[in-house]
Amino acid sequence: MFPNAYSPHEVERVVREFWEKNKIYEKVKGRGEGLFFFVDGPPYTTGRIHLGTAWNKVIKDTILRFKRMQGYRVTDTPGWDMHGLPIEVKVEQMLGFKTKRDIERYGIDEFVRKCYEYALKNKDAMTEQFKALGVWMDWENPYMTIKAEYINSAWWTIKRAYEQGLLERKLRVVNWCPRCETALADAEVEYADKEDPSIYVKFPIKGRENTYIVIWTTTPWTLPANMAVAVHPDFEYGLFEAVKDGRKEYLILAKDLAENVLSKAYDSWKLVETYKGKELYGLEYEHPLSDEVPIQRDKKHRVVNADFVAHENTGCVHIAPGHGLEDFELGLKEGLEVFNPVDDRGVFDGKAGKYEGLHVFEANKVIIEDLKAKGLLISAETIVHRYGHCWRCKTPIIYRATEQWFLAISKLKDKMLEEIERVRWIPEWAGEARFKDWVSNAKDWCISRQRYWGIPIPVWICEKCGKWKVVGDINEVPWRDDLDLHRPKIDEVTFKCDCGGVMRRIKDVFDVWFDSGVASWGTLGYPLKIKDEEFFKIWPADFITEGHDQTRGWFYSQLGASVISFGKAPYKTVLMHGFTLDEQGRKMSKSLGNVVEPDEVIKEVGVDAFRLYVLSSALWEDLRFSWSEVRNVLRMLNIFWNAVRFAYTYMSLDKDMITEEKIRDVFGCDFESALKRIEDYENRWILSRLESLNRLACKEMENYNLHRVVRAFLDFVVEDFSRWFIQLVRPRVWVEGEDRLKIATYLTLLRVIEKSVKIIAPFAPFLSEFVYQRFLKEFRDGKESVFMESYPKPDESFIDEELESAMRIAREIFEAVSSARQKGRRKLRWPLRVVYVESRDEKVRRAVEMLKDVIKSQCNVKDVKVVDEFEKRIVVKPNYKVVGRILKDRVREFAEFLKDLSEDELREIAENKTVEFDGKRIEDAVIVEYEIPEGYEFEEFSKGRVYVYTVLDEELKREAFARELVRRIQEMRKEMNLNVEEFINVTVEFPKELVEGWEDYIKRETRAKSLIFGKPERGFVKEWNIEGVKAVIGIERLK
RNA sequence: GGGCCCGUGGCUCAGCCUGGUUAGAGCGUGCGCCUGAUAAGCGCAAGGUCCGGGGUUCAAAUCCCCGCGGGCCCA
């Protein structure tokens, strides 16, 4: 049985049960010839998927299903990213911890175990959500970054880096989260608006009375670590004499910027001298807080040059090599001391003198006060600017110089850029522009984190001689389970150095981005579980796809790790998709309250509609989630369902008409050949459209234009199949008995539904499988599952462009006629005598010839004729606006002249709108109108016009009334809940002469055994008003 | 300040790469139709400076340049 109404949830339930019971996934998984190596970008185990994650996996699943149907054996190992700060932060919250000390007190052992369990639990919850989306992946055997074999892949990679001299330990300024007390990679820093002080400070020049160099900063707390002031070598700087309250001061700052700065605090000023920035080089000054930070008293401070100085604020930049990236680099060049008086928590230590014990952000206020008290502050305001935050705990980051471990990306950059070009990027700009830009600006990758829940960095250092040992194989250390390879267990492992000393592991763990960076070999368990020979047959990945946020994330971490490990890119094709936003284009966030959960969408419209919706717009563009759009997709699927059910209704009654034997009987050949022998236009047309769709689907899939396939499919189903084809063939299937045309139509329906279902199966797996099982296999043999079928290839011999174009014209004519009918108030049920199609286009003539019956029946007209020109009267009136100006008082004469023109002259004037009058040629002299004969209505279409004769003669009226009666009777049958095949008796009180000659027609259409004119006395009686005529209809049901 | 993407009726989007009938859908609105797919379905209409300005071209929503607005990323 094929159910009446489309219930997505019921369909899902049935199909899911079918798949499980028959182990369809398992059976499909083992199939296929060539390998398609797909690598799943591992979602982070947060415990819940959101719309974006759902979209991501749906894209992947669709492509995997498509590739499977194309005959590939696909790798479909899902991945899970399970280490790192986000989970640590969650577990800390659950335990009520605030700092690292809480963790250490609690015990790292237990803390890590909690993280482990938490990650696994989340993974399980998310697995269920992905399964609910119909995603077919190997959920039983995922790759997980916390597993021993995966850790081995990471260790192996870092050893490769070490061997090539790409693993470095160095003092560098890094992004530092004072809450998490760890370094962060650039990729972990998120920019958001922050309010900060904006202060102008005077640094006293050594040995010159009342003379200062002026700097601007938004981080007063970095002033205690100031070591230099940088000026641009080519800018012009001025020495200004500024007066405030009668006191004179001398200030150095960029000449052109002075006014804005000095006006903040001084009554007047004048330029005394100018210098080039390079002339200021070496100028010494006193540290502005040398009283508060005594350690600064003994250090030398001077002006240096730097190209990065921007022409804004004062043009003089305060340099603290311990707290700034560029400052640090400059410091290396200029030999400045790297001074960092801030500890892990962001608190000043003893080196900061007076500020010891203050958190840096609290210290801002105090420092500003101090500067003010010392008269060194020109102004203190606040500004809102973009500032980096820890992407997980949202704490503003600080820059700190610390010893960290780095991968020397700077040495690999050229190779990486080269590799980017060898990869196929979809869309192209994802790689060519966006990713290249990111990589060209990349710095060395800081991979060390001072945390607990991560892959331990496998570096052991001798306490005595400082020698390194990098372990690239987990079997070099004792282990039994995953946790043995984590902190704190791994920290207990020591090695004996050649020098006799003890080697201990550094305490750091990896940046979590490094984990996923090794995914393309980690997913295969390389090198622990797969031999080189086998491995290189598979690797690199044929395909990956992720959102554009992964440009700096997974696309990057993978490329870096892979160039280190193998000297080449780990993927061949990368499809970059967008972000999900709300309907207004805003990010979905809890605080905005605009989050849409995948679950609630599925609950309302079902999985297939959800999938088709997210796949229906260009993947690389952001997706504004719209409820009305997703509901609309459901509506279209419902149309598809109804179309299938239409076919089912009649075909199941005529099951014996479509057996192979019967087909052979009627067509003299098998099903496939019979399809090619179908001769009627309607069937041939839909078969042609079907193959065109198939051709398009195959072409677009090659370029991963999934949205074009979805759109073309829905368009085909709704427009071609349901709205047009089924309307055309409906009367055919009402015919009882063996009928060649009916059977041909059944065969066509079978083929259309079969191919449609296969084409859309990767996108809408549940509905496709359901229709495959309950419809197709009801009438023809098939595979166990639609997913064991091959993706259909177009049979272009069915494609008939001329027929398609003719049908387009026929449909346009129908639409124009409908419109004309509406103007003339002639509803479709009323038959009309004739339609004239006015067109000189040969195609129109041929189309009408070919599809005359289609047009006649759809338009409900008795005849349709093509004419070059429909007989109509041309009326030209003077265009007074134009001729008035030219002819002045002779306008009246001109109007008379127009009246007397012959038909031919009128036609010529109408054509070119130019009139010769009184020896003058006047352009735009007339307004042309056409008067069409009484009783006609017209409407335009793309290749001409239709003229519909809307007058009803008596004969047509009788037919019209007959149809009106039929419709009423049918409606009453329905109200009586009669079955389609039941018979009735009809008594009707209605002027008999109005339907004379149509009595048999009425009886036939309504399955009436008798039709009596008279007052109905029995049965179901109802009174109607038909176009002003009263009709009382009585229906008796016959047993 | 730099890189990339986006800007098409009230709303959500196709079309742009590869220039070429009158710029298409769907939703919403209004008016109708159909009733043997029917607690469905269909048609028609109104609604567009294709963000603005230049340029290339016989021809620009489409290609190029300059702006404006939005988003992401970087400094």
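None of the values given here were measured: they were computed from a predicted structure. Proteins come first, then strands; the chains are lettered A, B, ... in the order of their sequence lines, and each starts at number 1. No hydrogens, no waters, no symmetry mates; every other heavy atom, side chains included, goes into these values.
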J.: Could you state the CG-C1' distance from A:N4 to B:U38, rounded to the nearest angstrom?
T.: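 In whole Å, B:U38 C1' lies 10 Å from A:N4 CG.
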
J.: Just the rounded figure in Å: distance from P of B:C42 to CD1 of A:I639.
T.: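 It works out to 4 Å between those atoms.
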
J.: Determine, stepwise, if the pair A:R635 / A:N638 fulfils side chain to side chain donor-acceptor pair (under 3.5 Å).
T.: CA-CA 5 Å; A:R635 216 192 92 236; A:N638 196 44; over 6 Å; no

J.: Ignoring the backbone of A:R552, work out which of B:C74, B:U12, B:G2 is nearest its side chain.
T.: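 Of the options given, the side chain of A:R552 lies nearest B:C74.
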
J.: With rounding to the closest Å, how many angstrom separate the C1' atoms on B:A40 and B:G48?
T.: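 The answer is 33 Å between these two C1' atoms.
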
J.: Using the P atom as the point on both nucleotides, what is the distance between B:U8 and B:A46, in whole Å?
T.: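 After rounding to an integer number of Å, I get 22 Å for this pair.
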
J.: Pick out the pairs of N or O atoms, protein on one side and nucleotides 30-35 of chain B on the other, that lie under 3.5 Å.
T.:
unit_1	atom_1	unit_2	atom_2	d
B:C34	OP1	A:R829	N	3.2
B:C34	OP1	A:R829	NE	3.3
B:C34	OP1	A:R829	NH2	3.4
B:C34	OP2	A:R829	NH2	2.7
B:U35	OP2	A:R829	NE	2.9
B:U35	OP2	A:R829	NH2	3.3

J.: Would you indicate which nucleotide in B:G43, B:G71, B:A75 comes nearest to any side-chain atom of A:E326?
T.: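 Among B:G43, B:G71, B:A75, the one nearest the side chain of A:E326 is B:A75.
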
J.: Can you sort out the partners of A:W55 under ring-ring contact (aromatic ring centres under 6.0 Å, His included), two or more places apart, ordered by chain and number?
T.: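 For A:W55 the ring-ring contact (aromatic ring centres under 6.0 Å, His included) partners, ignoring immediate neighbours, are A:H577.
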
J.: Among residues at least two apart in sequence or on other chains, which ones pass side-chain contact (heavy atoms from CB on, under 4.5 Å) with A:W734?
T.: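 Testing A:W734 for side-chain contact (heavy atoms from CB on, under 4.5 Å), a comparison that skips the adjacent residues, returns A:Y650, A:R730, A:P731.
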
J.: Partner of B:C16 by Watson-Crick or G-U wobble geometry, both contacts under 3.5 Å, or none?
T.: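 B:C16 is unpaired by these criteria.
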
J.: Using atom P in both nucleotides, what's the gap between B:G19 and B:C64 to the nearest angstrom?
T.: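 Between the two P atoms, the distance is 12 Å.
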
J.: Tell me which nucleotide, if any, is Watson-Crick or G-U wobble paired with B:G10 when both distances must be under 3.5 Å.
T.: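 Partner of B:G10: B:C27.
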
J.: From B:G71, B:C42, B:C27, pick the nucleotide closest to the side chain of A:N632?
T.: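 Minimum distance to the A:N632 side chain belongs to B:C27.
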
J.: What is the base-pairing partner of B:A60, counting Watson-Crick and G-U wobble geometry with both distances under 3.5 Å?
T.: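 Base partner found: none.
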
J.: Restricting both atoms to N or O, compile the protein contacts to nucleotides 61-66 of chain B shorter than 3.5 Å, with distance only.
T.:
none

J.: Between A:I726 and A:H707, name the one whose nearest nucleotide on RNA chain B is closer to the 5' end.
T.: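 Result: A:H707.
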
J.: Mind checking what makes salt bridge (charged side-chain N to carboxylate O under 4.0 Å, His left out) contact with A:K443, not counting sequence neighbours?
T.: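 Not a single residue meets the salt bridge (charged side-chain N to carboxylate O under 4.0 Å, His left out) criterion with A:K443.
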
J.: Who passes ring-ring contact (aromatic ring centres under 6.0 Å, His included) against A:H548, sequence neighbours left out?
T.: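 Only A:F579 meet the ring-ring contact (aromatic ring centres under 6.0 Å, His included) criterion with A:H548.
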
J.: To the nearest angstrom, how far is A:L714 atom CG from B:C13 atom C1'?
T.: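 That distance rounds to 13 Å.
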
J.: From B:G3, B:C44, B:C73, pick the nucleotide closest to the side chain of A:W438?
T.: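 Within the option list, the nearest is B:C73.
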
J.: Show the distances under 3.5 angstrom between N or O atoms of the protein and N or O atoms of nucleotides 21-25 of chain B.
T.:
unit_1	atom_1	unit_2	atom_2	d
B:U22	O4	A:F941	O	3.4
B:U22	O4	A:S942	O	2.8

J.: Taking any heavy-atom pair under 4.0 Å as a contact, classify A:S722: base, sugar-phosphate, or nothing.
T.: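 Base: the residue A:S722, judged by heavy atoms under 4.0 Å, touches a nucleobase.
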
J.: Suppose we screen for ring-ring contact (aromatic ring centres under 6.0 Å, His included). Which residues come up paired with A:H389, at least two apart in sequence or across chains?
T.: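 ring-ring contact (aromatic ring centres under 6.0 Å, His included) check on A:H389 returns nothing, list empty.
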
J.: On the nucleotide B:G15, are OP1 or OP2 found under 4.0 Å from the side-chain N or O atoms that A:R708 carries?
T.: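 Answer yes for this pair, as a side-chain N or O of A:R708 is under 4.0 Å from OP1 or OP2.
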
J.: May I ask you to decide if the ring planes of A:W425 and A:F435 are parallel, tilted or perpendicular, using 30° and 60° as cut-offs?
T.: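 Aromatic pair A:W425/A:F435 classed tilted.
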
J.: So, do A:F640 and A:F713 have ring centers that fall under 6.0 Å from each other?
T.: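 Between A:F640 and A:F713, the centre distance is under 6.0 Å.
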
J.: Could you walk me through whether A:W998 and A:F961 satisfy the ring-ring contact (aromatic ring centres under 6.0 Å, His included) test, starting with their C-alpha distance in whole Å, then the side-chain angles of each, then the deciding distance to 0.1 Å, before giving a yes or no?
T.: CA-CA 9 Å; A:W998 290 89; A:F961 276 117; over 10 Å; no

J.: State whether A:R631 places a side-chain N or O below 4.0 Å from either non-bridging phosphate oxygen (OP1 or OP2) of B:G26.
T.: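 A:R631 to B:G26 OP1/OP2: no side-chain N or O under 4.0 Å.
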
J.: Considering only B:A75, B:G26, B:A14, which nucleotide approaches the side chain of A:A618 most closely?
T.: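 For the A:A618 side chain, the nearest candidate turns out to be B:A14.
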
J.: Would you measure the distance from the C1' atom in B:C17 across to the matching atom in B:U12 and give it in whole Å?
T.: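 My reading of the C1' atoms in B:C17 and B:U12 gives 24 Å.
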
J.: Roughly how far apart, to the nearest Å, are B:C51 and B:C13 at atom P?
T.: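 So the two P atoms sit 15 Å from each other.
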
J.: Let's see if you can work this out: which of B:U38, B:A40, B:G36 has an atom nearest to the side-chain heavy atoms of A:R645?
T.: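 Among B:U38, B:A40, B:G36, the one nearest the side chain of A:R645 is B:U38.
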
J.: Considering Watson-Crick and G-U wobble pairs with both distances under 3.5 Å, what does B:C42 pair with?
T.: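 Checking every strand shown, B:C42 finds its partner in B:G32, with both distances under 3.5 Å.
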
J.: Any idea which of B:C4, B:A40, B:C27 is nearest the A:S628 side chain?
T.: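 Closest nucleotide to the A:S628 side chain: B:C27.
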
J.: Partners of A:D608 by side chain to side chain donor-acceptor pair (under 3.5 Å), sequence neighbours excluded?
T.: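 Counting only residues at least two positions away or on another chain, A:D608 forms no side chain to side chain donor-acceptor pair (under 3.5 Å).
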
J.: Should the ring pair A:F721 and A:F716 be called parallel, tilted or perpendicular, given that the plane angle runs from 0 to 90° and is split at 30 and 60?
T.: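 Aromatic pair A:F721/A:F716 classed parallel.
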
J.: What pairs with A:K436 under side-chain contact (heavy atoms from CB on, under 4.5 Å), at least two apart in sequence or on another chain?
T.: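 Per chain and number, A:K436 pairs via side-chain contact (heavy atoms from CB on, under 4.5 Å) with A:L417, A:I420, A:E421, A:E432.
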
J.: Excluding sequence neighbours, so at least two apart, what forms side-chain contact (heavy atoms from CB on, under 4.5 Å) with A:S857?
T.: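 For A:S857, no residue satisfies side-chain contact (heavy atoms from CB on, under 4.5 Å) once neighbours in sequence are set aside.
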
J.: Say we look at B:C5 and B:G10: how far apart would their C1' atoms be, to the nearest angstrom?
T.: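 Per the computed distance, 26 Å lies between those C1' atoms.
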
J.: Mind checking the P distance from B:C68 to B:G52? Whole angstroms is fine.
T.: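 Looking at atom P only, B:C68 and B:G52 are 15 Å apart.
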
J.: Across all strands shown, which nucleotide pairs with B:C72 by Watson-Crick or G-U wobble geometry, both distances under 3.5 Å?
T.: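 Checking every strand shown, B:C72 finds its partner in B:G3, with both distances under 3.5 Å.
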
J.: The side chain of A:R434 is closest to which nucleotide in this list: B:C72, B:G43, B:U38?
T.: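 Minimum distance to the A:R434 side chain belongs to B:C72.
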
J.: List the residues meeting side-chain contact (heavy atoms from CB on, under 4.5 Å) with A:D234, not counting sequence neighbours, and say none if there are none.
T.: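 Partners of A:D234 by the side-chain contact (heavy atoms from CB on, under 4.5 Å) criterion, ordered by chain and then number, come out as A:H232, A:K278.
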
J.: Looking at every strand, decide which applies to A:S617 at a 4.0 Å heavy-atom threshold: base, sugar-phosphate, or nothing.
T.: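 Touches sugar-phosphate only.
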
